[in-house]
Each structure stands twice: as C-alpha cells, then as structure tokens.
Amino acid sequence: MNPDDVELSNLDKPFFPDAGLSKGDVIAHYRKVADQMVPHLTGRPLTMRRYPDGIGGGGFFQKDASDHFPDWVRVEEVPQRQGGTIHHVVCDDAATLVYLANQATIEFHIWLSTMDALEHPDRLVIDIDPPQGVPVRVLRDVARRLASLYREVGLTPYVQATGGRGFHVAAPLDRSADYEETRELSLALADHVAARDPDLLTTAQRKNKRGDRIFLDVNRNAYGQTFVAPYTLRARPTAGVATPLTWDELSRTEPDGFTPARIARRRKKDPWQDMDDHAASVSKARKALAD
DNA sequence: GGAATAT
DNA sequence: ATATTCCAACGCCTA
DNA sequence: TAGGCG
Ligand SMILES: [Mn+2]
Ligand SMILES: [Mn+2]
C-alpha cells in the first residue's frame with residue numbers, strides 16, 4: 001500500500017485544542033516521521049492509544065487489531081503469559097502508520113522484543129519518571145549517570161525525551177538473554193545509581209514509598225510490557241513528541257521540548273539509527289556490574 | 001473510529 | 001433511527 | 001491472594 005493513497009477522514013477535527021493541532025496535523029506528523037519511525041516499530045507487537053474525539057475526549061488502549069482493519073495491515077498472534085492470544089498489529093511500513101493515525105491512534109507503544117524472538121528482548125530501557133517540579137538539569141544528570149554506568153558494563157546508551165515529563169535511557173541487546181535476566185540487570189543498574197543518591201532516586205513502585213523522589217522505572221523490561229515508541233506524539237496538552245536525542249542535544253532539550261512543528265524543522269538523521277550495530281550481552285554486563 | 005448492541 | 005458501549009494487562013511489591 | 005502501579 002502506498003502511504004499517500006491511504007483514505008483519510010475528518011482532517012479538520014480539533015485533536016489538541018491547546019496546541020492548535022487537528023487530526024490532519026497528527027496524520028501529517030506521522031507521514032513525515034515515517035522514514036525514521038518505522039524502523040523502530042518493525043517486527044514489534046504494537047499497542048495503540050487512540051483518541052477518536054481528540055485528547056479532550058476519552059482515549060483507550062488497544063492491543064487486539066480491529067476486525068475492520070484492511071488486510072494489508074500486518075496482524076500477528078502473540079501469546080499472553082498466562083494463556084490466551086492477542087492479535088497484535090505489527091507496523092512495518094508507512095502506510096500502516098498513516099492508516100492507524102487516521103484511526104485516531106495518537107500514541108504508539110511497542111514491545112522490547114520482536115516477533116522472531118518474543119522472549120528475548122533486543123532493548124533494555126530505564127524510564128526516568130520525576131514527580132512534578134524536578135528541575136530538568138537534575139533529570140539530565142540522572143540520564144548521564146545511567147549512561148555512564150551502561151558504558152562501564154559494555155552497554156551502549158541511547159537517550160530519548162519522552163514527550164512527557166522524563167527521559168528514557170535505552171540500550172540495544174544481542175537477544176541472548178530472556179526478559180527475566182534483562183529485568184534483573186536493569187534493576188541492578190537502576191539500584192546502583194539510586195544507591196549513590198538515595199534521597200533523590202528510588203526504584204520503589206509504590207507511590208507512598210517514593211516520597212518526592214525520582215522513580216527509576218525498570219518494569220518496562222518484561223514480557224508483554226511496552227515503552228513509548230520514538231517519534232510518538234504524546235496525548236498531552238503540550239503535544240510533545242518522544243524524540244531520540246544525541247547526548248549533546250540532551251543538554252538543551254526539555255522532556256516535552258519537541259512538538260510536531262519542531263520535529264518537522266529538525267533535519268537530522270535519527271540519533272538511534274545505528275542502535276542495532278551496538279547490540280550487547282546481558283550476561284557480560286551482569287558480570288561487569290558485579291566487579 | 002467504527003462495529004455491535006441496547007433502547 | 002439513535003444512543004451507548006467497547007476497545008490493555010505484566011510482574012513486582014505491599015498489605 | 002488481591003490491589004497498586006505504570
Ligand atoms: Mn515515564
Ligand atoms: Mn466517535
């Protein structure tokens with residue numbers, strides 16, 4: 001399917017009233033970022049977050065592909081951990097991305113593993129989740145501390161602004177490890193950084209144990225879990241875009257600093273493009289961390 | 001956004 | 001004919 | 001073993 005032949009509807013419907021974006025603007029965003037975004041979606045089970053009446057109307061997550069999706073949209077059977085099957089969309093091309101945007105999918109959330117090795121993640125992600133009011137320079141510093149530790153244990157760190165309030169520090173993996181081993185490594189990395197600054201950072205899930213501390217969320221590193229895909233537009237009033245950054249750009253970028261307009265102006269190759277050339281071993285990283 | 005179901 | 005409803009779920013921690 | 005959490 002040619003992405004420019006996908007039938008579109010209600011292009012003038014307001015979707016982000018504060019940011020002044022219409023449904024057509026959302027679709028145009030995804031059309032423009034497709035070349036950079038699709039490689040990050042390819043082969044991965046996708047969860048859609050759809051807002052048919054804009055972000056002011058109710059939204060919903062959707063895993064099971066709708067029956068009315070056309071047959072050129074790839075749908076794969078994905079087993080659930082405790083029995084059952086989800087018929088996930090796998091977005092391997094620009095036409096599907098545009099089609100799903102016209103279905104009012106604003107956010108795209110993806111697995112950390114691909115269809116050919118569902119049990120073996122090729123990404124490790126630590127999600128930096130601040131409470132309100134933490135200065136961005138502190139968040140950047142936390143991202144850099146994580147990155148430094150990643151490098152020490154042989155992982156290559158990549159950062160993205162989430163489009164919301166925080167950053168993700170991700171690393172490519174060689175898929176030799178399963179989710180359990182990967183999650184354990186991610187927790188050990190986060191705990192290692194948090195232990196050096198226990199008044200600022202925590203890995204505790206429960207809100208009443210966090211206080212005002214920044215939550216280092218490692219729970220994305222599990223089967224059936226997702227993280228927000230690069231170049232996803234967030235369904236928030238500021239219309240931030242999840243944006244892969246160079247480590248240099250991090251110093252001058254807010255978590256929600258990229259809007260669709262600013263992304264369209266940015267003429268930069270995808271900072272995460274060469275990620276898969278740096279896939280690393282979880283077991284080697286675990287051994288390195290133990291020293 | 002669109003199909004299925006209830007009124 | 002029109003209105004309402006549905007559209008997610010893993011694993012870890014605490015209680 | 002159910003519920004919070006993202
Ligand atoms: Mn987050
Ligand atoms: Mn509607």
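Just so it is clear, the model here is predicted, and its values are computed rather than measured. Here is the naming used below: chain letters follow the sequence lines, and residue numbers restart at 1 for every chain.
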**Student:** For A:T226, give me all partners under side chain to side chain donor-acceptor pair (under 3.5 Å), at least two apart in sequence or on another chain.
**Tutor:** none
**Student:** What does the list of N/O pairs under 3.5 Å between the protein and nucleotides 8-11 of chain C look like, with a distance for each?
**Tutor:**
from   : atom 1 : to     : atom 2 : distance (Å)
C:dA8  : OP1    : A:K63  : N      : 3.1
C:dA8  : OP1    : A:D64  : N      : 3.3
C:dA9  : O4'    : A:K63  : NZ     : 3.2
C:dC10 : O4'    : A:Y223 : O      : 3.3
C:dC10 : O4'    : A:Q225 : OE1    : 2.8
C:dC10 : O3'    : A:Y223 : O      : 3.1
C:dC10 : O2     : A:Q225 : OE1    : 3.1
C:dC10 : O2     : A:Q225 : NE2    : 3.1
C:dG11 : OP1    : A:R81  : NE     : 3.3
C:dG11 : N2     : A:Q205 : NE2    : 3.0

**Student:** Salt bridge check: are A:D141 and A:R137 linked by an N-O gap of less than 4.0 Å?
**Tutor:** no
**Student:** For the pair made of NE2 in A:H68 and P in B:dG1, what is the distance, rounded to whole Å?
**Tutor:** 10 Å
**Student:** What integer distance in Å separates A:F69:CZ from B:dA3:P?
**Tutor:** 11 Å
**Student:** For A:R49, answer base if it contacts any base atom (sugar-phosphate contacts may also be present), sugar-phosphate if it contacts only those atoms, and nothing otherwise; contact means non-hydrogen atoms under 4.0 Å.
**Tutor:** nothing
**Student:** Is there a side-chain polar atom (N or O) of A:R210 under 4.0 Å from OP1 or OP2 of C:dC13?
**Tutor:** no
**Student:** Can you sort out the partners of A:R81 under salt bridge (Lys or Arg N to Asp or Glu O under 4.0 Å), two or more places apart, ordered by chain and number?
**Tutor:** A:E119
**Student:** Kindly state whether the ring of A:F227 and the ring of A:W111 have centres lying under 6.0 angstrom apart.
**Tutor:** no
**Student:** Not counting sequence neighbours, which residues clear salt bridge (Lys or Arg N to Asp or Glu O under 4.0 Å) with A:D92? List them please.
**Tutor:** A:R74
**Student:** Taking salt bridge (Lys or Arg N to Asp or Glu O under 4.0 Å) as the definition, give me every residue that meets it alongside A:D178, ordered by chain and number, with sequence neighbours left out.
**Tutor:** none
**Student:** Could you state the NZ-P distance from A:K209 to C:dC13, rounded to the nearest angstrom?
**Tutor:** 10 Å
**Student:** Measure CG/A:L216 against P/D:dG6 and give the value in whole Å, please.
**Tutor:** 14 Å
**Student:** Of all residues at least two apart in sequence or in a different chain, which pass the ring pair (Phe, Tyr, Trp, His ring centres under 6.0 Å) check with A:F108?
**Tutor:** A:Y30
**Student:** Just checking, any donor-acceptor pair under 3.5 angstrom between side chains of A:S22 and A:D12?
**Tutor:** no
**Student:** Measure the distance from NE2 on A:H88 to P on C:dC7 and round it to the nearest whole Å.
**Tutor:** 15 Å
**Student:** On a whole-Å scale, what distance lies between the C1' atoms belonging to D:dG4 and C:dA8?
**Tutor:** 16 Å
**Student:** Quickly work out the A:K207 NZ to C:dC13 C1' distance and round it to whole Å.
**Tutor:** 16 Å
**Student:** Quick one: ring pair (Phe, Tyr, Trp, His ring centres under 6.0 Å) partners of A:F60, sequence neighbours excluded?
**Tutor:** none
**Student:** What does the list of N/O pairs under 3.5 Å between the protein and nucleotides 1-3 of chain D look like, with a distance for each?
**Tutor:**
from  : atom 1 : to     : atom 2 : distance (Å)
D:dG3 : N2     : A:R206 : NH2    : 2.7

**Student:** Each nucleotide N or O in nucleotides 4-7 of chain B that has a protein N or O under 3.5 Å away: list the pair and distance.
**Tutor:**
none

**Student:** Looking only at side-chain N and O atoms, does A:K23 come under 4.0 Å of OP1 or OP2 in B:dG1?
**Tutor:** yes
**Student:** Measure the distance from NE2 on A:H168 to P on D:dG6 and round it to the nearest whole Å.
**Tutor:** 13 Å
**Student:** Which residues pass the ring pair (Phe, Tyr, Trp, His ring centres under 6.0 Å) test with A:W247, sequence neighbours left out?
**Tutor:** none
**Student:** Which pairs count as side-chain hydrogen bond (donor to acceptor under 3.5 Å, both in side chains) when at least one residue sits in residues 154-172 of chain A, sequence neighbours excluded?
**Tutor:** A:D127-A:H168, A:Y158-A:D274, A:Q160-A:H168
**Student:** Apply salt bridge (Lys or Arg N to Asp or Glu O under 4.0 Å) to A:D276 and list each qualifying residue two or more places apart in sequence or on a separate chain.
**Tutor:** A:R123
**Student:** How close or far is atom C1' of D:dG6 from atom CG of A:L112, stated in whole angstroms?
**Tutor:** 14 Å
**Student:** Using a cut-off of 4.0 Å on non-hydrogen atoms, how would the nucleic acid contact of A:N208 be classed: base, sugar-phosphate, or nothing?
**Tutor:** nothing
